[in-house]
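Computed over heavy atoms, backbone and side chain alike; hydrogens, waters and symmetry mates excluded.
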Amino acid sequence: DLLKAVLMLNFTQFVEWPASAYPSSDSPFVIGILGRDPFGKTLEGVVEGERCGSRPIVIKRFRSVDDVRGCQMLFVSEHERNNLPKIFEALKGRPILTVGDYEGFALRGGMTRLLKTDDGKVHLRINLDSVRAAGLTVSAKLLRVADVVTQGG
């Protein structure tokens with residue numbers, strides 16, 4: 001979905017990652033996709049030639065949360081919905097922005113949920129507790145356009 005892909009690219013401008021999020025100073029910014037990829041080639045098309053600061057942006061696909069390495073943003077596919085507790089436990093404390101697009105994602109511990117509205121727009125829900133626990137900082141501009149939720153709902 002093009003709109004969701006563009007929003008994910010925009011997150012690179014409105015979220016700050018600590019230096020420790022990168023394996024080295026010249027590592028690319030990696031957007032990972034965990035599970036079945038809903039984007040096809042759309043996400044690659046959107047990030048082509050784009051940068052997060054000085055870092056080129058690349059897409060990597062992971063079959064299992066155990067394979068997730070060197071990644072700063074992770075889209076968790078809806079097919080992984082039943083594995084969310086295991087996934088969030090495995091990623092705990094790591095500076096990885098988790099993104100999902102289905103009911104309950106942010107309330108169950110995911111950081112950002114993309115929610116398509118009836119009029120074709122995408123609404124954002126951000127779990128600030130999860131974001132802060134990962135050592136990430138979200139810009140006030142992004143928070144202003146989002147529903148902010150905490151672990152307790």
Side-chain angles (χ1 to χ4, degrees), residues 1-25 27-35 37-39 43 46-47 50-62 64-117 121-153:
D1 181 304
L2 181 61
L3 197 51
K4 289 176 185 172
V6 169
L7 268 172
M8 285 172 59
L9 175 62
N10 286 340
F11 289 157
T12 65
Q13 310 303 314
F14 293 106
V15 176
E16 275 178 49
W17 281 262
S20 64
Y22 301 96
S24 70
S25 60
S27 300
F29 182 94
V30 177
I31 298 176
I33 298 170
L34 180 61
D37 181 354
F39 296 103
L43 196 53
V46 165
V47 305
E50 296 288 344
R51 302 181 92 71
C52 177
S54 61
R55 300 171 190 277
I57 299 174
V58 299
I59 309 296
K60 281 189 183 168
R61 290 167 178 82
F62 302 102
S64 148
V65 70
D66 303 325
D67 302 333
V68 175
R69 301 266 180 285
C71 159
Q72 290 73 43
M73 188 187 307
L74 185 66
F75 181 88
V76 181
S77 126
E78 185 165 8
H79 297 92
E80 298 295 320
R81 162 181 283 196
N82 295 334
N83 299 327
L84 288 182
K86 173 186 187 280
I87 290 166
F88 296 147
E89 188 55 41
L91 299 177
K92 202 179 191 109
R94 289 167 67 184
I96 298 173
L97 184 76
T98 55
V99 182
D101 62 355
Y102 41 94
E103 189 63 50
F105 184 78
L107 294 174
R108 291 174 64 192
M111 297 180 201
T112 49
R113 175 177 166 213
L114 308 173
L115 172 66
K116 200 142 197 187
T117 56
K121 293 191 171 84
V122 173
H123 187 79
L124 270 187
R125 180 169 280 168
I126 296 177
N127 183 325
L128 216 43
D129 292 344
S130 295
V131 170
R132 289 185 176 136
L136 304 177
T137 309
V138 176
S139 120
K141 283 183 185 153
L142 192 59
L143 293 176
R144 274 202 295 276
V145 299
D147 269 350
V148 176
V149 298
T150 53
Q151 218 62 51

Answer yes or no: is there a donor N or O on one side and an acceptor on the other, between the side chain of [X] and the main chain of [Y], under 3.5 Å?
{"X": "Arg55", "Y": "Ser27", "value": "yes"}
{"X": "Asp147", "Y": "Arg125", "value": "no"}
{"X": "Glu50", "Y": "Ile57", "value": "no"}
{"X": "Thr98", "Y": "Met111", "value": "yes"}

Write down the atom of [X], the atom of [Y], and the distance for their closest heavy-atom approach.
{"X": "Leu97", "Y": "Trp17", "answer": "CB-CZ2, 3.8 Å"}
{"X": "Leu142", "Y": "Leu124", "answer": "CD1-CD1, 3.5 Å"}
{"X": "Pro18", "Y": "Gly135", "answer": "CD-O, 3.6 Å"}

Measure the spacing between [atom1] of [X] and [atom2] of [Y] and express it to the nearest 0.5 Å.
{"X": "Phe105", "Y": "Phe88", "atom1": "CZ", "atom2": "CZ", "result": "4.0 Å"}
{"X": "Arg81", "Y": "His79", "atom1": "CZ", "atom2": "NE2", "result": "10.0 Å"}
{"X": "Arg144", "Y": "Phe14", "atom1": "CZ", "atom2": "CZ", "result": "9.5 Å"}
{"X": "Leu43", "Y": "Ile33", "atom1": "CG", "atom2": "CD1", "result": "5.0 Å"}

Is there a side-chain contact between [X] and [Y], using heavy atoms and a 4.5 Å cut-off?
{"X": "Met73", "Y": "Phe29", "value": "yes"}
{"X": "Val46", "Y": "Met8", "value": "no"}
{"X": "Ile59", "Y": "Arg61", "value": "yes"}
{"X": "Ile31", "Y": "Phe39", "value": "no"}
{"X": "Glu103", "Y": "Arg113", "value": "yes"}
{"X": "Glu80", "Y": "Val65", "value": "no"}

Quiz item: Looking at Val122, Leu115, Leu114, Thr112, which one forms a side chain to side chain contact (heavy atoms under 4.5 Å, CB included) with Asp101?
Solution: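 Between Asp101 and the candidates, side chain to side chain contact (heavy atoms under 4.5 Å, CB included) is satisfied uniquely by Leu114.
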